[in-house]
Amino acid sequence: MGIHRVGFGPAADVRVAAGCTEGAWAGRAVSSAAHGDDAGAIVAVAPDTPCSAAEQRARTHGVRHLFVVDEGKLVGVMCRCDLYPEPDPRDEVATRMASDVYVLDPAATLAEAAAAMRSLGVGCLPVVRDERPVGLVTRGDLRRAGVPEPALGAHRCLECGSVHGVRPDAHSGLEYCLDCIDLFSALGNDYGEGD
């Protein structure tokens with residue numbers, strides 16, 4: 001549990017192996033692709049925030065990821081997909097957040113971000129300075145910066161092709177996104193499995 005700085009160098013808590021490092025994008029600083037506070041991407045909640053209030057805050061700001069902060073310091077991250085299945089009304093953010101968080105230094109490169117996402121299986125990495133969040137880089141940000149898809153290691157929903165909130169079905173092991181899982185459930189479908 002805790003905040004772990006990722007990267008290629010010796011200063012990283014978690015060193016990741018360099019994957020695809022060729023291309024004009026690879027050496028660029030992660031801050032060139034990250035959403036910073038001025039873009040409204042840093043939406044924070046406290047650990048004791050009710051999950052329903054956190055989801056509403058994320059929807060209001062049009063973001064998927066919330067930084068969980070205590071006295072301004074990052075203590076966790078919550079994606080809206082962490083609110084699946086729907087939490088009990090009394091549940092607080094601390095019960096659903098990822099408290100084992102991988103982060104990047106603002107000087108990290110896009111190659112480090114892509115390698116971390118691929119090897120750690122995460123879709124976003126907070127950018128922190130002195131334990132305080134200053135930005136966020138997602139797989140989508142890296143795609144827009146020119147990182148080739150194979151370098152990102154994303155899993156795709158078998159139904160719609162989405163890469164967000166994809167998880168294996170408990171029964172079949174096939175991977176679907178949360179939107180498709182909800183749709184299948186609403187239709188009373190069992191993920192298209194045969195009899």
Side-chain angles (χ1 to χ4, degrees), residues 1-36 41-42 63-69 73-84 96-158 160-170 172-178 180-181:
M1 299 285 205
I3 307 302
H4 310 283
R5 215 170 277 280
V6 297
F8 296 155
D13 300 321
V14 177
R15 290 180 69 178
V16 292
C20 181
T21 58
E22 295 180 13
W25 58 271
R28 288 180 31 211
V30 73
S31 58
S32 69
H35 296 296
I42 297 179
V63 298
R64 289 185 185 267
H65 303 95
L66 296 169
F67 292 127
V68 184
V69 297
K73 294 185 178 180
L74 186 69
V75 296
V77 173
M78 176 179 269
C79 178
R80 285 183 48 212
C81 65
D82 292 329
L83 298 172
Y84 182 90
R96 297 287 186 110
M97 71 180 192
S99 56
D100 207 15
V101 181
Y102 301 102
V103 301
L104 292 167
D105 185 90
T109 65
L110 295 183
E112 288 174 296
M117 286 184 191
R118 181 176 180 83
S119 65
L120 300 170
V122 297
C124 78
L125 293 163
V127 180
V128 299
R129 181 180 296 118
D130 300 324
E131 299 179 56
R132 298 182 184 281
V134 296
L136 175 74
V137 64
T138 66
R139 279 192 184 113
D141 296 327
L142 295 182
R143 280 185 196 97
R144 287 185 289 280
V147 178
E149 194 66 37
L152 298 174
H155 294 255
R156 291 198 173 273
C157 174
L158 289 174
C160 71
S162 173
V163 294
H164 190 79
V166 176
R167 54 194 61 195
D169 169 53
S172 68
L174 300 174
E175 294 183 329
Y176 296 101
C177 71
L178 295 176
C180 287
I181 291 171

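Keep in mind that the numbers below use all heavy atoms, side chains included, and drop hydrogens, waters and symmetry copies. The structure presented is a predicted model; accordingly, all values stated were derived computationally and were not measured.
- Annotation: side chain of L83 is in contact with side chain of M78 (closest heavy-atom distance under 4.5 Å).
- In terms of heavy atoms, R80 sits closest to V63 at CD-O, 3.5 Å.
- Smallest separation of non-hydrogen atoms from G76 and V101: CA-CG2, 3.7 Å.
- Counting heavy atoms from C-beta outward, C79 and C124 have side chains that stay 4.5 Å or more apart.
- Summarising the geometry of R156 relative to V163, their closest heavy-atom pair is NH1-CG1, 3.3 Å, with the distance given to 0.1 Å.
- The main-chain N or O of D82 is found under 3.5 Å from a side-chain atom of R96 such that the two form a donor-acceptor pair.
- Between V75 and M97 the shortest heavy-atom distance is O-CE, 3.8 Å.
- Using a 4.5 Å heavy-atom cutoff, the side chains of I42 and L136 are not in contact.
- Between V69 and P133 the shortest side-chain heavy-atom distance falls below 4.5 Å.
- Using a 4.5 Å heavy-atom cutoff, the side chains of L125 and M117 are in contact.
- In this structure a side-chain-to-backbone donor-acceptor pair under 3.5 Å is missing from R139 to E149.
- Of the possible donor and acceptor atoms, one in the side chain of D105 sits under 3.5 Å from a partner among the backbone N and O of A107.
- A side-chain contact (heavy atoms from CB on, under 4.5 Å) with H4 is found for exactly one of D100, V103, L120, namely D100.
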